[in-house]
Every structure is written in structure tokens, then in C-alpha cells.
Amino acid sequence: MDSKYCSIGLTNETKNGFKRKKPTASICVKKVKLLSDSISNCLQNGHEVSKNIETHVVKKNSDDLQEARRKLPVFMVRGRLLEEIRKNNTMIIIGETGSGKTTQIPQMIHEQRLEGTGLIVVTQPRRVAAITIALRVAAEMNTEVGNIVGYSVRFEDVTSPRTKVKYLTDGMLLREAILDPLLSKYSVIILDEAHERTVSTDILFGIVKLAQKERNEKTINPLKVIVMSATMDVDTFRNYFDSCPVIYLEGRTHPVTIYHSKTKQEDYQYAAVCTIFQLHTTTPADDDFLVFLTGQEEIEAVMYNIKQIAKETTGPPIRVCPLYAGLPPAQQMQVWKETPPGTRKIVLATNIAEASVTIPRIKCVIDTGVVKERSWCSATGAERLVVRSGSQAAGWQRAGRAGRTAPGAAYRLYTAQQFNTRPLHPTPEILRCPLAPTILLLIAAGVEPSTFPLIDSPPRDSVTASLTLLKELGAIDSVENPKLTVLGRKMSSFPIDPKYSKVLLSAPEYGCLEEALSLVAVLSSENIFYTPMHKREEALKVKRKFISPTGDHITLLNVFKAFCKATLKKQWCKENYLNHRNLTYAYEVRQQLLAICQRLNLTLSSCGSATDQLLKCLLSGLFSNCAWSRSAGVAGGGARYVTGAGGAASLHPAAALHAASPPPPALLYTELLHTRRTYMITVSAIQPHWLQQVAPDYARRCRAYR
DNA sequence: GAGCACTGC
């Protein structure tokens with residue numbers, strides 16, 4: 001280990017925090033019961049459950065909790081750790097799973113009152129984590145959540161004037177930074193799970209760095225910054241934070257033995273099925289398997305294969321559980337149900353099982369080594385979904401899922417040599433996503449985008465494309481030296497894509513704010529339709545009653561309106577093949593957006609059945625998402641279109657207008673997705689001359705393509 | 001006539 005790093009904790013070979021040493025050696029991953037059983041359940045089941053167990057947790061006898069605390073590795077090095085925190089204003093703490101860093105370090109700081117008159121905040125990339133960790137810490141401190149310990153996530157702020165330790169999502173702290181870029185309420189900011197490199201944490205790194213500097217210069221209360229992470233690219237982080245000290249904490253996990261494929265696998269799905277059955281016949285029936293695959297379709301295919309082969313194979317009975325984010329909650333729950341003794345559980349999961357949820361009792365991980373990744377092309381505005389090789393970090397993370405409860409094994413369906421040539425870390429999200437929302441946020445927080453310190457800077461073209469869009473939306477006054485306009489300031493107060501906040505701010509002009517709020521809420525949420533493979537025909541038949549001849553946007557509005565009117569919503573959703581969770585979420589988003597509109601004194605109005613008004617209003621934000629027909633006379637799905645950026649695109653077969661004949665001359669789409677072809681998703685027909693009326697500047701720029 | 005990995009405000 002490099003001598004410039006100090007180390008705290010027990011000594012052994014995993015001290016330096018990297019588990020990438022020997023490809024076939026066992027790695028040290030282990031589980032400390034950070035959370036009581038009820039809380040772990042709620043981690044898995046999501047937020048709804050966490051509310052229900054709150055009382056139970058707070059009342060739990062705190063003796064057990066104190067006992068568990070004292071056993072955590074971080075507790076044993078408490079004195080030295082506090083000394084380092086006292087001495088340094090910025091530091092990096094590398095703590096492996098089970099070190100107790102997230103729950104204990106904020107408490108230790110508070111016990112010593114190192115935060116002074118300010119607050120200690122801890123960011124998390126996921127809301128469920130922010131909530132459950134706050135509950136846990138409140139229980140350990142023998143207080144109710146919302147008192148000394150609180151949390152703040154979207155739609156829910158459980159804090160009070162007495163709160164000194166606050167857990168929140170990184171996105172939430174970022175929104176706070178717009179109103180107060182110096183984050184002056186806080187004296188200690190802990191950025192946890194930094195290795196995940198979400199756009200929000202990457203931006204927060206820069207925000208806290210600038211805040212720290214400015215607070216120093218103005219001699220207002222100093223800011224301590226602690227960056228916490230599991231294994232990560234320490235040198236990159238350390239360079240970024242001006243060579244600050246790095247401290248390593250021991251983790252406590254069970255060893256996981258890694259096996260690599262001896263030869264390259266041509267077909268990882270096939271290899272996965274083979275490996276499953278090889279292990280099935282050679283391992284005890286009570287050992288559960290976790291298989292990492294890329295998506296729903298693949299999971300369904302492998303599940304089918306397993307069931308077919310299982311019929312002709314001897315061996316213990318098998319229960320196969322699919323797990324991906326789009327699966328209805330009730331089916332997701334199957335994963336946590338215990339199987340009868342002598343039955344093997346095989347979980348087929350996407351990346352959701354890599355960090356977001358934890359499945360207990362997994363003994364064997366089968367890692368196909370591939371991930372499905374979304375990326376964005378600034379030139380065409382299209383997003384791409386590609387299956388590609390994962391990083392080494394992802395490989396270790398996946399393997400670690402086998403060592404949560406007991407020693408385990410991980411089978412990699414790629415060679416050790418293939419593993420070693422993979423990138424150490426995944427591409428940070430900020431290099432893969434549209435930048436307009438982030439750039440608007442930065443400008444609103446008073447930051448100069450061109451000099452803002454980022455660990456990884458996106459390509460210049462990408463930044464320029466986003467600045468150009470913001471200029472055309474009217475959010476900033478120039479691309480070269482961007483300053484927020486009055487409209488831009490208003491746009492930045494909405495927690496949504498600036499294209500959509502422009503739609504809401506234009507809505508009073510078109511007399512359709514009621515409808516715009518509903519539509520934007522739905523567009524800002526996940527898919528509201530639930531189409532199970534085996535009942536597709538029926539689902540499509542039921543959908544027909546909502547379909548509008550103008551296209552998908554008004555169809556979505558019709559569904560949302562009907563949902564609001566329905567009395568037994570859950571039942572109604574089931575009957576209509578709709579996703580209750582996502583519709584409820586959209587409903588909550590609408591409430592939040594409405595409150596912001598009221599604060600901005602926007603006139604609430606309805607366009608009734610004059611849906612043209614709503615579509616024109618939508619065009620005021622989505623003008624760059626137009627496409628024009630290039631195939632007069634060709635019927636329906638065969639129609640070819642060309643987008644504003646000049647690329648060819650087709651209507652997605654799931655679009656309401658897919659079969660329209662003749663094909664509409666002009667379209668407005670929500671998303672451009674490149675898979676086998678470039679498809680427009682969520683599409684409505686518009687009048688070609690609307691663009692000239694609604695967004696004349698853009699229309700001029702784009703005329704060449706028409 | 002195809003299919004959407006995962007978070008978050």
C-alpha cells in the first residue's frame with residue numbers, strides 16, 4: 001500500500017481496499033448485520049413498508065443495537081478516526097461492506113459535537129437507503145426519526161428544527177444547492193457511495209469544493225467534507241480533492257471464491273444455463289443461485305430454458321425467480337420468500353441485484369459479465385441501449401453478493417484474461433447522459449459551467465449542444481457566456497427536464513395548464529402500461545378505449561384522467577393492465593409540480609377537448625423532437641421520417657399512430673431510441689406549420705432538413 | 001411490426 005495513505009483497522013491482505021488481486025483467490029466480502037431483519041426487509045420491499053415498521057424499530061430494545069454497534073470495525077478505531085476528522089477539513093474514507101461507516105461515523109461526529117451549530121448531512125444515491133439508514137440510526141440513538149436524526153427525500157421531509165444528523169438523497173442536496181450554493185446550514189457534508197458516480201454526486205463534489213473555498217474566504221463557518229465509498233479509484237479522487245488524506249476501514253464479509261471460465265464463451269445465455277445445471281447436480285439443494293442477465297427478455301428466455309431442462313433432469317426441485325425493476329412488486333417479492341427445504345432457488349436478475357437490493361442466502365453467483373447500458377448521442381439526440389462488457393468493479397460487486405450471509409462462490413462466464421482487460425470502473429453517468437438538465441442546475445446555482453471542476457468532463461460538443469438547447473428554450477441568454485433569464489430561473493425551480501418545465505411555463509398561454517401538469521407528470525414517470533407477455537392481446541384490447549387518434553400523448557392523458565377518477569385504484573389498474581405504482585408516482589409528481597406552479601402564480605386553466613392547444617404547448621418545450629414524413633403514400637408502419645437533427649427514424653410499433661394511414665406529415669416524439677433501428681417512442685401527430693408559430697428560432701435553424 | 005438496464009429531483 002502506498003505510504004501516503006494512512007490506514008486504520010485490522011491488518012490483513014485486503015487492507016488497501018482493493019479486491020482485484022488474484023483472479024482465482026478468495027476475496028474477503030462479508031456481512032455485518034447492519035440492519036435488523038425488519039429493516040432489511042424494508043430495504044428490499046421499498047419505501048411503503050418502511051413507514052409501517054417505523055414504530056416497531058424505534059421501540060426495539062436498544063441493548064441489542066448497542067451490542068451490534070460495538071462489534072463494528074469502525075467502532076474499534078473510533079478514537080483515531082475522530083482525531084483525523086478533527087484535523088482535516090476534507091478526507092476520503094474507504095470502507096468495505098459491513099464496516100459500519102454510514103451508520104456510525106455521523107453518530108460519532110455528533111457525539112463529539114464536531115458539527116458545532118450546523119448540521120451533519122449524509123447523501124445516498126437511493127431514497128430507500130436514505131430512509132432506512134435514518135431509521136436505523138434513530139433507533140441506535142434511542143430517538144424517534146425526525147427528531148435528532150431525520151431524512152429528506154422527494155415528497156417526504158422527516159426533519160425538525162432539532163435535527164442534527166440528516167440523511168438525504170444526493171439529488172435532494174443538489175436541489176438545495178440551487179437556493180443556497182454555499183450550503184451554509186451544514187457544517188459536515190458526507191458524500192456516501194461516491195464510487196457509484198451518479199451525476200448528482202459528481203456535481204456535488206464540485207459544489208462542496210467551491211462552497212468550502214468560498215466559506216473559507218468569507219470566513220464564515222467552515223465546511224468539513226467527507227467522501228465515503230466502497231472500493232474506488234482512490235488516486236483520481238485524491239487528486240481531485242487536493243491530495244487530502246485517505247483512510248481505510250476494514251469490512252467484514254464472508255469469503256467468496258472466484259472461478260473463471262477456462263475458454264471464451266460465444267453465447268453467454270447458453271453458458272449460463274449450462275453452468276446452472278452443472279452446479280445444480282453438484283451442490284446442496286439449499287444453496288441458492290443468483291444469475292446476472294441484461295434484461296426482461298433475456299430473463300424470460302433463460303427462465304423458459306431452465307424450466308424445460310429441469311423437466312428432464314434429475315435433482316432437487318427448482319424454483320426460478322425473475323427480478324427486474326419493471327416487474328410488479330408482488331412478483332418481485334417471490335425472491336425473498338423462503339423455499340421449502342430441499343428446493344433450490346434460482347434468481348435471474350438484472351443489475352438491480354448488484355447494489356439496489358440484497359437477496360439473503362445466495363451461495364452461488366453466476367456472472368455473465370455483461371450489462372445493458374444506456375447512452376446518449378449529442379449529435380442526433382438519440383439514446384442507445386447496448387449490451388456490453390461490464391467493468392472489473394462490477395465483477396467484484398456481483399461476486400460479493402454471494403458472501404452476504406456465509407462463504408460463497410462466484411462463477412464468471414469469461415476468462416481471467418478477459419477480466420483483466422476490462423476497464424477498472426464503469427463509465428461515469430455524466431459522460432453518458434443528456435446534459436441540459438444538469439447545466440441549467442449549475443447555472444441556477446451561480447456556477448460557471450465552463451470552469452466548474454468535474455472529475456470527468458463531458459465532451460465539448462455535448463456541452464455545446466445542451467447549451468444551444470437551453471438557449472432555444474429561453475432559459476439562458478447566450479451560449480458563449482450563459483446567464484439565466486427570468487424564464488430560466490423559473491424553469492430551474494421544477495425538479496424535471498427543462499424541456500418539460502418550459503411546457504408548464506408556456507401552458508397558461510395556451511390555456512391548458514391542468515392538462516399540461518398531468519401530461520408532464522406522466523412523461524416524467526416510468527411507463528404506466530403493464531403488458532405481460534402472455535396476456536398481450538388482452539392488454540392491447542383494453543388499451544384501445546383510451547387511445548386518441550392524435551397519438552400517444554393524449555392517450556396518456558386519457559389514462560391518467562381516468563385513473564384520477566377511479567375509486568378503487570388498485571383494482572382498476574389491474575383490470576386495465578396499468579401499472580399502479582407508476583401511476584401513483586405520476587400523481588404525486590403532479591401534486592408537487594402544481595404546488596410550484598401556484599408559487600409562481602401561474603394561471604390554472606383547462607383546454608377541455610381542444611387537445612390541439614395542449615399539443616402546441618407540448619411543442620413549445622419539445623420543438624427539437626419533431627420529425628417529417630419522407631414517404632408520402634406509404635402506409636402506416638412502413639413510413640419513413642427524418643428528424644430535426646437530420647437522422648432517419650421510424651414509428652415504434654407500440655405507438656398509437658403506427659398503423660395510421662396515410663402517415664401524418666409531421667410528428668412530435670418524446671424519445672428517440674436506437675436499437676435495431678432508430679425508433680420514435682410516445683408520438684403525436686402535429687401540423688407542420690405549428691413549429692413556425694411555436695418555436696420560430698428553431699424552425700429557421702432546422703429548415704434545411706424539411 | 002418491436003421490446004425499456006438502473007437510479008434520482
Side-chain angles (χ1 to χ4, degrees), chain A residues 46-47 123-130 152-157 168-178 193 196-204 292-301 323-327 349-357 368 370-375 383-388 390 394 397 426 429 432-433 437-438 440-441 444 492-498 500-501 521 524-527 529-533 536 540 579 582 585 588-589 592-593 596 635-639 650-655 658-659 670-671 673-682:
Chain A
H47 172 211
T123 66
Q124 292 295 319
R126 281 169 286 279
R127 45 182 287 142
V128 181
S152 177
V153 295
R154 190 176 190 178
F155 311 130
E156 213 181 347
D157 181 5
L168 40 57
T169 42
D170 46 19
M172 209 63 188
L173 188 60
L174 210 49
R175 302 267 7 144
E176 286 188 21
I178 298 180
E193 309 285 8
E196 292 200 19
R197 303 288 309 273
T198 66
V199 173
S200 296
T201 16
D202 269 15
I203 299 294
L204 279 172
F292 282 98
L293 295 161
T294 64
Q296 176 179 351
E297 201 180 297
E298 206 168 282
I299 287 173
E300 278 168 356
L323 181 67
Y324 49 90
L327 200 67
T350 60
N351 258 358
I352 193 170
E354 207 175 278
S356 306
V357 299
T368 53
V370 281
V371 280
K372 196 179 274 184
E373 202 178 71
R374 204 173 177 126
S375 62
E383 299 198 85
R384 250 166 227 276
L385 274 168
V386 243
V387 173
R388 46 173 296 201
Q397 176 70 24
E429 196 188 356
R432 293 187 282 115
C433 71
T438 304
L440 179 64
L441 194 137
S492 72
S493 56
F494 290 94
I496 49 175
D497 191 304
Y500 294 145
S501 50
S524 305
S525 309
E526 293 297 309
N527 189 6
F529 296 105
Y530 173 58
T531 323
M533 278 236 293
R536 206 170 56 179
L540 289 176
N579 186 319
N582 293 346
Y585 181 83
E588 281 191 273
V589 172
Q592 189 187 26
L593 300 179
I596 298 167
S650 321
L651 270 161
H652 191 276
H658 185 253
T670 303
E671 198 184 352
L673 187 73
H674 187 91
T675 51
R676 271 169 233 182
R677 286 156 75 180
T678 303
Y679 288 105
M680 295 175 280
I681 298 176
T682 315

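Each chain gets a letter, A, B and so on, in the order the sequences are listed, and its residues count up from 1. Both backbone and side-chain heavy atoms feed into the values below; hydrogens, waters and symmetry mates do not.
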Main-chain N/O of A:E354 paired to A:Q397 side chain as donor or acceptor, under 3.5 Å: yes
Touch class at under 4.0 angstrom, heavy-atom based, for A:S524 against every strand present: nothing
Minimum-distance nucleotide to A:R432 side chain [options: B:dG8, B:dC9, B:dA5]: B:dA5
Proximity to the side chain of A:E526 - top-ranked nucleotide from B:dC9, B:dT7, B:dA2: B:dT7
Check against side chain to side chain contact (heavy atoms under 4.5 Å, CB included), A:L540 and A:F529: CA-CA 10 Å; A:L540 289 176; A:F529 296 105; over 6 Å; no
Touch class at under 4.0 angstrom, heavy-atom based, for A:T169 against every strand present: sugar-phosphate
Minimum-distance nucleotide to A:H658 side chain [options: B:dA5, B:dG1, B:dA2]: B:dG1
Nearest listed nucleotide, side chain of A:P653, among B:dG8, B:dC6, B:dG1: B:dG1
Electrostatic pair A:E297:A:K372 at N-O distance under 4.0 angstrom: no
A:L385 vs A:Q124, nearer the 5' end of DNA chain B by closest nucleotide: A:L385
Interatomic distance where OH belongs to A:Y585 and P belongs to B:dT7 [whole Å]: 12 Å
Touch class at under 4.0 angstrom, heavy-atom based, for A:Q296 against every strand present: sugar-phosphate
Any donor-acceptor pair under 3.5 Å from A:D202 side chain to A:R197 backbone: no
Options B:dG8, B:dA2, B:dC6, nucleotide nearest the side-chain atoms of A:R126: B:dG8
Among B:dC4, B:dT7, B:dC9, the nucleotide that comes nearest once only the side chain of A:K372 is considered: B:dC4
A:H652 side-chain proximity, nearest of B:dT7, B:dA2, B:dC9: B:dA2
Nearest-angstrom distance from the residue atom CG of A:L323 to C1' of B:dA5: 12 Å
Canonical and wobble pairing (Watson-Crick, G-U, under 3.5 Å) of DNA chain B, dot-bracket with |: .........
Length of the CZ-C1' vector between A:R127 and B:dT7, whole Å: 12 Å
Distance, rounded to the nearest Å, where A:L651 contributes CG and B:dA2 contributes P: 13 Å
Sugar-phosphate only, base, or nothing, as touched by A:R175 at under 4.0 Å among non-hydrogen atoms: base
Any side-chain heavy-atom pair of A:V589 and A:R154 under 4.5 Å: yes
Side chain to side chain, A:Y324 and A:E298, heavy atoms closer than 4.5 Å: no
Sugar-phosphate only, base, or nothing, as touched by A:F494 at under 4.0 Å among non-hydrogen atoms: nothing
Atom-to-atom span, CG of A:L293 to C1' of B:dC6 - whole angstrom: 15 Å
Gap between atoms CD and P, on A:E588 and B:dC9 respectively (whole Å): 11 Å
Of the listed nucleotides B:dC6, B:dC9, B:dC4, the one nearest the side chain of A:P495: B:dC9
Proximal nucleotide (of B:dC9, B:dT7, B:dA2) relative to the A:A325 side chain: B:dT7
Backbone N/O of A:R374 and side chain of A:R432: donor-acceptor pair under 3.5 Å: yes
Given DNA chain B, 5'-ward residue of the pair A:I496 and A:Y324, judged by closest heavy atom: A:Y324
Short side-chain N/O contact from A:S200 to OP1 or OP2 of B:dG8, under 4.0 Å: no
Any donor-acceptor pair under 3.5 Å from A:S525 side chain to A:A521 backbone: yes
Exam field: side chain A:E429 to backbone A:V199, donor-acceptor pair closer than 3.5 Å: yes
Between B:dG8 (C1') and A:I203 (CD1): distance, integer Å: 13 Å
A:N527 CG - B:dC6 P separation (whole Å): 12 Å
Sugar-phosphate only, base, or nothing, as touched by A:I681 at under 4.0 Å among non-hydrogen atoms: base
